[in-house]
Amino acid sequence: MSFSHLFVDRVGHYADRWRIMRASARIRRLIDALPPHIRKDIGWPDTPLAEFVRRDGEGPSRS
């Protein structure tokens, strides 16, 4: 593999992660905008987002 191919693969990987993080943040904002009784019905926790732990377990999530 050439350097340029590895570089493009790495940039694509980070772009994919960025898109996933932004989609997750967008969904959280939409759900957080719902009235409390609807959030409770769907099982959304009342914990502030800063207290959620990222999937990889490396600390608090960041939007």
For W44 and I38, what are the C-alpha separation, side-chain angles and deciding distance, and is it a side chain to side chain contact (heavy atoms under 4.5 Å, CB included)?
CA-CA 9 Å; W44 190 252; I38 293 177; over 6 Å; no

With sequence neighbours excluded, tell me which residues meet side-chain hydrogen bond (donor to acceptor under 3.5 Å, both in side chains) with D16.
R19

Roughly how far, to the nearest 0.5 Å, is CG of L34 from CD1 of I42?
6.0 Å

Holding to side chain to side chain contact (heavy atoms under 4.5 Å, CB included), I want the full list of residues that pass it with H37, two or more places apart in sequence or in another chain.
P35

